[in-house]
Every structure is written in structure tokens, then in C-alpha cells.
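Beneath this line is the structure, given in C-alpha cells, with notes to follow.
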Amino acid sequence: MFSASKIKAVDFYRKIPRDLTEASLSGAGLSIVAALSMMFLFGMELNNYFAVTTTTSVIVDTSSDGDFLRIDFNMSFPALSCEFASVDVNDVLGTNRLNITKTVRKFSIDSNLRPTGSEFHSGTIANAVKHDDEVDEEFVEGALPLTTHSFDRFIQQFPITVVNFYAPWCSWCQRLKPSWEKAAKIMRERYDPEMDGRILLAKVDCTKEADLCRRHHIQGYPSIRIFRKGSDVRSDHGHHEHESYYGDRDTETLVKTMENLVASLPTGSQHLALEDKSNGTDNVKRPAPSTGGCRIEGYVRVKKVPGSLVVSARSDAHSFDASQMNMSHVVDHLTFGKKVMPRALSDVKHWIPYIGRNHDRLNGRSFINTRDLEGNVTIDHYIQVVKTEVITRKGYKLIEEYEYTAHSNVAHSINIPVARFHLELSPMQVLITENQKSFSHFITNICAIIGGVFTVAGILDSILHNTMRAMKKVELGKNF
């Protein structure tokens, strides 16, 4: 058995009798400083223990959302009519989706981006518009030419006026011209404007009457509009509410459509025609756009390969004057991937301040063509997208977002101008992982702080004490 004296021999902390120790003012001062230093360093270490630290790494994209990426957008085009506005998607794998409508909504807006009505519905348009197979070179013109000065007068005179807005250079207008003139001649013979006066077929040359066509928001040629007398009573600006005709353009169909329009009126009546009660034409007639702008919102899903999101004017039966197209736009919203809740983004920004800066980089930015560049201007946006994930110390995925950089440019094009968003998706992703701090490391640091401060203070006290003793000896030697 070990005796008490032998056990005492291994004591690391041998005590000095209190009678042999001496207290001093300098030692007391150093003790106070040492205690305060210990408390300060302990607080710093405790704060560091609870603080969140992260490690950033770049790995191959292991997205949980599969091979497709969702793009949410809300863009306003003050000079592009909803009648022809089209959202297209294409990529390097050969995907080419034109005029997406299932997940896209359109609203008419004015030049100041203010909404002017409810949602604009494009309706169903036939894949191919029918025209007359045989063209009679000796047809007699039956449509009445209208000008800016005579337009309102004739519109007010007839219960129904159907107007063909055209441009002589337009190939579709040239194909429509024979059947339109024939139909106008037939309707003139059946419903003499002077004797009957229920319907009038007219035409407007938009190259000569540019202001008139602009007032009625004509952007594609030919545009057939159906005006109804008296509808201007319900209009804010005195303009007629009218419809657009999108049906076949052969003589037989045009005549049948006009007959259905007349059938809604009492025979020989000059009364107002406020409603169209005809049948068989509802699928080819829709309200014409009341303004020349369009707000496009919705989402599309694209493959995670280089590609483009394109907004343009598109029609399979209309021509466009590229020099007059203006693709100016304001990006109200453009984000990629799943929607990040504001609260989650706010929580992450507390400890990763650089997260969330670039997930909506284009939001609120305007890209306006002031015509200084003249016509045929395409606006390109080059977007590079990279995925960022934040993983907590417990392995929980706190946030998953797609951040992007964007560089924009304007360029002249020989084709119809568009607004194009070039997409480059990175095959890599940024992984931000929260580091787990061990409690043992915290305790070790606390012990090191206490021991280190105590030791350093002891050394300083010893140096100070010995220095003061030496100075006293020197003073005693001088006095004696």
C-alpha cells in the first residue's frame, strides 16, 4: 500500500505556506488585469464557438430538380402588341418550341407600362390560312380606300365596317388582295352602300397612312379589323372597339363571314349594332388589342444545356416591317429554379452576406431603344447561370438557388428584331457547407486562455517584483 507521504510526492501543485508569501500592489494590479483579460478572451472564444463558419467548394452539379430548369419571368414590352407577341425556346440539342402559351400570360399595356384591360387571349389559330387557289388578274377593285381624313366619317356611317390594313410590299397582303377585292365587290352588289348601307369593306395602305395604322396598333400585315358603329360610346378615347379577323382569306370564306356579320342586323336597318350575334365566326374573331404594348409573364422549363429564350413578333400569316419593330422592354422579374422564399433568403444573408445578390440581377432594369440606332435592332442578353446550395451542419439543405450574371447588348439584324436571352448553364455548382465546431476544441481553447494568461501574468509579476527589489537595493547602497 502507498503511504500518504508517497502519494504527496507526486503532487504537481505543491503549496507554499501562507506565512512565506508576500502580497504586493503590483501583483494585485496584474491579477486584476489578468482576470479581465481572461474574461474578455473567454467571451471572444464563446462568441466564436456559436458563430457560423462555412466552407465553399465547387463540385459537379448534382441538382435534385433533374435535367430541366424552370425560368420565371415578367417582362413589359411597350411597343410590341399582344396580338403577335410570342415566347420561344430553343437549345443546342435541337429543341425548338415556338409561341408557348400554356404557361405564359399576356396583358395589354400602354406606352407607360400601365395595364389597359384584362388578360389578352390569343385563341386558336389554324396552322395554315387558306387563300384563293386561282388568282384572277383582271379583278375589279371593290374595297373602298380610306385615309386618315375619311376613316372616322365612314366608320360612323355604316353599322359594320370591315377594314383591311395592308402594306403593298407584304407577300401575304398580295395573296389576300384578289379575294378581298372580290369579296368587297360581291358585298357591294348585295348590300349597296347607298341603298342598304349595312356593311362596308374598305382598305387602308399603311405605307401612306402610317399615323392611322399606328393609332389602331397595326403591327402585322395584313390586319383585318371589324368596326361596329356606336361602340365608341363605351370607349374612353372615342375610338371604336373592334375585333380582329384571323380566319381563312379565300373569297368564299370572306363572303360567308361578312354575311354572318350582316345577319346580326335587322334587314335595312340603320340602327346601332352593339353586339355580334352571328354564328360560325367566333373562332376566327377576337377583340383587337386596345393598346400597342404587352406585358408577358409566366414560366418555361428548359433543358440544362446552352440555349435561348426569345420574345418576338410571330405569325404564320402576317408580315412585319422590321424597320418599325421596337423590342424595347423592362425586365420586372427574371429568376431561375425554384422560388426562394424571402424569409429563407433573409436568414441565409445573416451569416452568408454574399448569398442572394445575383439571383435577380436583371430585375427592374430597362432596355429601351430610343430610335437613335434606327430600326432592325435586336436586344441580346448573355446570361451565365450557376447553382448555389447551402447545407447546414446537420446536413439539411437550407437553400437552393440559381445565381447568374448578365451582359446586355444591342445589335442590328437583317431579320425581324427580337429580345433574346442567351442561356449558359454551368455544369458545376457552388456548395456552401456550415462547419461543425466541436465542444472539446472549445474547452481546450478555454484552458489555453486561462493557463496562458495566468502564466504570462506570473512572468510579468516576477519581472516587475525583481526589478523593484533591485532598485531598492541600489537606493540603499547609495544612502549608506
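Note that the structure is a prediction, hence the values are computed from the model and not measured.
Counted by atom type alone, T55 and N435 present one or more donor-acceptor pairs between their side chains at under 3.5 Å. Checked by atom type, the side-chain pair R420/T378 shows no donor-acceptor distance below 3.5 Å. A side-chain donor-acceptor contact under 3.5 Å links E209 and T148. A donor-acceptor contact under 3.5 angstrom links the side chains of E83 and Y246, judged on distance only. At a cut-off of 3.5 Å, with distance as the only test, a side-chain donor of S76 or D332 sits close to an acceptor on the other residue.
Considering only heavy atoms from C-beta on, I224 stays 4.5 Å or farther from V163 through its side chain. Two residues are said to be in side-chain contact when any heavy atoms from C-beta on lie closer than 4.5 Å; M327 and F77 meet this criterion. No side-chain heavy atom of S426 sits under 4.5 Å from any side-chain heavy atom of D61. Side chains of D211 and C213 form no contact here, defined as non-hydrogen atoms less than 4.5 Å apart. Residues V204 and Y166 form no side-chain contact, since every pair of their non-hydrogen atoms from C-beta on lies 4.5 Å or further apart. Put simply, the side chain of V300 reaches to within 4.5 Å of the side chain of F73, judged on heavy atoms. Between L98 and R314, the closest side-chain pair of non-hydrogen atoms falls below 4.5 Å. Contact of the V162 side chain with the Y245 side chain is not registered, since no non-hydrogen atoms from C-beta on lie closer than 4.5 Å.
Within the 3.5 Å criterion, the main-chain N or O of L93 finds no donor-acceptor partner in the side chain of K303. Using a distance-only test at 3.5 Å, with no hydrogens or angles considered, a donor-acceptor pair links the side chain of S223 to the main chain of G220. Without hydrogens or angle criteria, D91 side chain to G94 main chain gives a donor-acceptor distance under 3.5 Å. Proximity of a side-chain donor or acceptor of S366 to a complementary backbone N or O of I368 within less than 3.5 Å is not detected. A distance-only check finds no donor-acceptor pair linking the side chain of D360 to the backbone of N363 [under 3.5 Å]. N112 places no side-chain N or O within 3.5 Å of a backbone atom of R114 that could act as its donor or acceptor partner. Checked by atom type and distance alone, the side chain of T116 pairs as donor or acceptor with a backbone atom of S108 at under 3.5 Å. Within the 3.5 Å criterion, the main-chain N or O of A317 finds a donor-acceptor partner in the side chain of R249.
No more than 12 heavy atoms of other residues, nucleotides or ligands lie within 6.0 Å of NE2 in H441, so this atom counts as exposed by the packing criterion. Within 6.0 Å of CE on M468 lie no more than 12 heavy atoms contributed by other residues, nucleotides or ligands.
The side chain to side chain contact (heavy atoms under 4.5 Å, CB included) search around Y49 returns K437, F439, F442, not counting sequence neighbours. Partners of F421 under the ring-ring contact (aromatic ring centres under 6.0 Å, His included) rule, at least two apart in sequence or in another chain, are H381. Considering only residues two or more places apart in sequence or on other chains, F454 meets the ring-ring contact (aromatic ring centres under 6.0 Å, His included) condition with none of them. Residues passing the salt bridge (charged side-chain N to carboxylate O under 4.0 Å, His left out) test with R361: none are found, sequence neighbours excluded. For S312, there are no side chain to side chain donor-acceptor pair (under 3.5 Å) partners two or more places apart in sequence or in a different chain. For T467, the side chain to side chain contact (heavy atoms under 4.5 Å, CB included) partners at least two apart in sequence or on another chain are I463, M471. Legend: residues meeting side chain to side chain contact (heavy atoms under 4.5 Å, CB included) with N466, ordered by chain and number and at least two apart, are S462. Partners of S319 according to the side chain to side chain contact (heavy atoms under 4.5 Å, CB included) rule, which considers only residues two or more places apart in sequence or in another chain, are W169, C170, S171, W172.
For Y382 and H422, the gap between ring centers is short of 6.0 Å. Aromatic pair Y221/F165: ring centres not closer than 6.0 Å.
Ion pairing between D152 and R215 holds under the 4.0 Å rule for side-chain N and carboxylate O. Salt bridge annotation for E400-K387: present, with a cationic side-chain nitrogen under 4.0 angstrom from a carboxylate oxygen. Electrostatic pairing of R228 and E243 counts as a salt bridge here, judged by a charged N lying under 4.0 Å from a carboxylate O.
In this structure, F151 and H216 have tilted ring planes: the angle between them lies in the 30° to 60° band.
For the atom pair CD (Q219) and CG (D321), the distance works out to 11.0 Å, reported to the nearest 0.5 Å. The line from CG of L80 to NZ of K106 is 8.5 Å long, rounded to the nearest 0.5 Å.
Within the structure, every pair that satisfies the ring pair (Phe, Tyr, Trp, His ring centres under 6.0 Å) test and touches residues 289-320, not counting sequence neighbours, is listed here: F84-H318, F84-F320. The salt bridge (Lys or Arg N to Asp or Glu O under 4.0 Å) contacts involving residues 448-467 comprise nothing, where partners must be two or more places apart or lie in separate chains. Residue pairs meeting the ring pair (Phe, Tyr, Trp, His ring centres under 6.0 Å) criterion with at least one member in residues 98-117: none, sequence neighbours excluded. Legend: side chain to side chain donor-acceptor pair (under 3.5 Å) pairs involving residues 28-44, not counting sequence neighbours: none detected.
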